[in-house]
There are 2 protein chains.
Amino acid sequence: MTNGTTALTALGERTRLAIFERLADGPLAVGEIAAGLPVSRPAVSQHLKVLKQAGLVRDEAAGTRRLYSVDPAGLAALEAYFERFWTNALTSFKDAAEQHPQEQT
Amino acid sequence: MTNGTTALTALGERTRLAIFERLADGPLAVGEIAAGLPVSRPAVSQHLKVLKQAGLVRDEAAGTRRLYSVDPAGLAALEAYFERFWTNALTSFKDAAEQHPQEQT
DNA sequence: TCGTTCCGTTCGTCATCGCTTACCGTAAGT
DNA sequence: ACTTACGGTAAGCGATGACGAACGGAACGA
């Protein structure tokens with residue numbers, strides 16, 4: 001979907017974030033991911049499904065296994081979303097700072 | 001806390017993200033935020049508590065009201081977290097691309 | 001063809017969390 | 001001092017979702 005908010009709700013889960021972080025180091029199969037986490041393999045599979053329909057990961061058949069890897073488009077969408085965010089927020093800060101010139105960190 | 005994962009779990013909620021987006025345009029009081037959202041004021045207060053202990057917002061007493069604004073440190077922490085993420089992921093992609101030179105989008 | 005391995009899916013259970021209602025404390029105005 | 005406005009907190013409820021167990025299917029190797 002390459003939507004920023006959807007990606008955030010998908011990553012707003014500890015297990016899913018852990019999976020995504022492991023995938024950031026390179027493609028992995030489902031069993032390999034589950035082996036390094038304190039959850040069962042079906043749980044990992046479900047989380048991968050969520051991450052996939054959020055546009056954050058891609059899957060590829062490799063024999064009996066199935067390799068998952070992070071989707072560059074999803075990362076780009078997130079980056080774009082946050083960039084708009086930062087510019088907005090920082091602009092607001094600048095405007096507020098010009099009206100209250102003393103307080104700042 | 002300025003922790004990336006905590007901030008993500010905090011922002012991984014539609015209502016909290018909506019609150020944070022509204023705060024990105026400038027400081028607001030609790031009642032003002034609740035007025036623009038389909039939730040009650042206590043709900044907004046609870047969400048603000050979560051956002052605050054995640055290091056994403058700051059609060060300031062203003063008479064009987066209480067002004068909330070986004071915390072620049074929290075945004076910076078998020079930015080740093082994602083930056084590490086992107087570099088990691090892109091490096092992995094590059095390495096994978098050198099081994100499989102044909103497939104790419 | 002048979003057995004093994006790996007994965008996706010369904011189902012049921014249990015915890016987590018977001019939301020509302022009601023109540024209380026605090027700061028200004030009169 | 002009384003009243004009003006604003007916001008935080010407690011309790012309870014309802015719903016979402018994460019998890020494991022069990023089952024079924026597809027891809028290799030013998």
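Throughout, a chain's letter reflects where its sequence line sits, starting with A, and its residues are numbered from 1. Note that the coordinates shown come from a computational prediction; the quantities given were computed from them, not determined experimentally.
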What is the separation between atom [atom1] on [X] and atom [atom2] on [N], rounded to the nearest whole Å?
{"X": "A/Lys52", "N": "C/dT9", "atom1": "NZ", "atom2": "C1'", "value": "14 Å"}
{"X": "A/Glu60", "N": "C/dC6", "atom1": "CD", "atom2": "P", "value": "18 Å"}
{"X": "A/Leu48", "N": "C/dG8", "atom1": "CG", "atom2": "P", "value": "7 Å"}
{"X": "A/Lys49", "N": "C/dC7", "atom1": "NZ", "atom2": "P", "value": "17 Å"}
{"X": "A/Gln46", "N": "C/dC7", "atom1": "CD", "atom2": "C1'", "value": "13 Å"}
{"X": "A/Ile33", "N": "C/dG8", "atom1": "CD1", "atom2": "P", "value": "9 Å"}
{"X": "B/Asp59", "N": "C/dA27", "atom1": "CG", "atom2": "C1'", "value": "16 Å"}
{"X": "B/Leu67", "N": "C/dA27", "atom1": "CG", "atom2": "P", "value": "15 Å"}

Do [X] and [Y] have side chains that get closer than 4.5 Å, going by heavy atoms?
{"X": "B/Leu67", "Y": "B/Asp59", "value": "no"}
{"X": "A/Tyr81", "Y": "A/Arg84", "value": "yes"}
{"X": "B/Arg16", "Y": "B/Leu51", "value": "yes"}
{"X": "A/Glu21", "Y": "A/Leu17", "value": "yes"}
{"X": "A/Ile19", "Y": "A/Ile33", "value": "yes"}

[N] OP1/OP2 closer than 4.0 Å to side-chain N/O of [X]:
{"X": "B/His47", "N": "C/dC17", "answer": "no"}
{"X": "B/Ser40", "N": "C/dT20", "answer": "yes"}
{"X": "B/Thr64", "N": "C/dA28", "answer": "no"}

query: Linking I/L/V/M/F/W/Y whenever any side-chain heavy atoms sit under 4.5 Å apart, do A/Leu28 and B/Phe85 land together?
result: yes
task: Remember a base hit wins even if backbone is also touched, and classify B/Arg14 as base, sugar-phosphate or nothing at under 4.0 Å, heavy atoms.
output: nothing
query: Base, sugar-phosphate, or nothing: which does A/Ala61 touch, judged by heavy atoms less than 4.0 Å apart?
result: nothing
message: Let me spell it out: for each of B/Arg41 and B/Val44, pick the nucleotide of DNA chain C with the closest heavy atom. Which residue's pick is nearer the 5' end?
response: B/Val44
task: Identify, with sequence neighbours excluded, every residue that meets salt bridge (Lys or Arg N to Asp or Glu O under 4.0 Å) alongside A/Glu32.
output: A/Arg65
task: Counting heavy atoms from C-beta on, name the nucleotide in C/dT20, C/dG8, C/dG18 closest to the side chain of A/Tyr68.
output: C/dG8
- prompt: Just the endpoints, please: which first and last nucleotides of DNA chain D, 5' to 3', lie under 4.0 Å from a heavy atom of chain A?
  reply: D/dA18 to D/dC28
